[in-house]
Amino acid sequence: METKANYVAVGAFVLACMLGLVVTLLWLAGVQYSQEYVYYTTTFNGSVSGLSKGVTVRYNGLEVGRIDSLDFAPDDPKAVIATMQIRPDLKIHDDAIASIASQGLTGGSYIEIIGGSQTAPVLPQTAHKPYPNIRSKPSAIAQLEETLPQVADKLNKVADKLNLLLDDKNRKAIADVLRNLDVLTTTIAKRSADIDATLKNANVTMKNLAGASADIHPVLMQANATLVKLQKLSTDADNVVAGDGVAQLGALIGESRRLVSSLTKLSDELNREPTRVIFGDRRKGYTPK
């Protein structure tokens, strides 16, 4: 009995030591784990399909941590809060943006943190709540899902307009236009020789016009000289009119008038008594004896 009691005591002691060792290891691991990461949160509006606890978190394409938990936002059932554990040596700036990314078309999803300028303040690092929040933006797939209904609506409108455009009447008009274009191109092909000749004649005409312009240049120079002379003549005429020439011209006109008056008087006397005017008055008066 005493031997069995000793075995029980030894076994209990060994179990206690092993339990203490396990507890110590777990405590050390917990301390190390809590010191190895800092925590951040980000909020996504809409579906976070593909994300789960333990999914990779990347910063500018490099793996920097994991997703610690996902839960609904208390004030918005459409929003999901993702808590991320990030290595503490990474400084995340206030203007960084988190989004849901995908590893190719068939790969899994993960959280991608991008951006962050050097001048922006650095978010605080903590392992206790409340955690600092990183702003988020919709993923490319979410943006595509939002725009697909709008694109589909626009495509439907375009299809309706095309149906209206391509009704029987418009199709006939388009067929007529194509037929006329075919006739026109056929006619042009047949008259290609005449068109080439016309173009050659136009080329010759342009050369002749170029030669004529060279011949016209001296004529224009002569005309310019003539205009200069006419301008000088006009200036001289102005000087005559404005100077003593006007008075001299007036005197000349007066003398001309007097001359015309004398000639008129002489003509009248010739008509009445031409002999007297020519030979003088030879009649003598009566002298009494």
Chi angles and distances behind the side chain to side chain donor-acceptor pair (under 3.5 Å) call for Thr83, Asp68: CA-CA 5 Å; Thr83 302; Asp68 182 69; 5.6 Å; no
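- With sequence neighbours excluded, no residue forms a side chain to side chain donor-acceptor pair (under 3.5 Å) with Asn203.
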Using distance only, find each side-chain donor-acceptor pair of residues 111-127 under 3.5 Å and give its atom names and separation, not counting sequence neighbours.
from   : atom 1 : to     : atom 2 : distance (Å)
Glu112 : OE2    : Asn60  : N      : 3.1
Glu112 : OE2    : Gly61  : N      : 2.8
Ser117 : OG     : Asp95  : OD2    : 2.6
Gln125 : NE2    : Pro88  : O      : 2.9
Gln125 : NE2    : Leu90  : O      : 2.9
Thr126 : OG1    : His128 : N      : 3.0
Thr126 : OG1    : His128 : O      : 3.2

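- Within the cation-pi definition used here (under 6.0 Å to the ring centroid, within 45° of the axis), Arg87 does not qualify as a partner of Tyr37.
- We find that Asp76 and Lys78 are not joined by a salt bridge, their nearest charged nitrogen and carboxylate oxygen being 4.0 Å or further apart.
- Heavy-atom minimum distance, Thr43 versus Ala79: CG2-CB, 3.7 Å.
- A distance-only check finds a donor-acceptor pair linking the side chain of Thr42 to the backbone of Ile134 [under 3.5 Å].
- Salt bridge status for Asp176 with Arg179: present, with a side-chain N to carboxylate O gap under 4.0 Å.
- Contact check for Phe44 versus Ile100: side-chain heavy atoms found under the 4.5 Å cut-off.
- Residues Val80 and Asp71 form no side-chain contact, since every pair of their non-hydrogen atoms from C-beta on lies 4.5 Å or further apart.
- Not one N or O on the side chain of Asp182 forms a donor-acceptor pair closer than 3.5 Å with the backbone of Leu178.
- Taking both residues in full, the closest heavy atoms of Tyr59 and Lys91 are given as OH-O, 4.5 Å, listed atom of the first, atom of the second, then distance.
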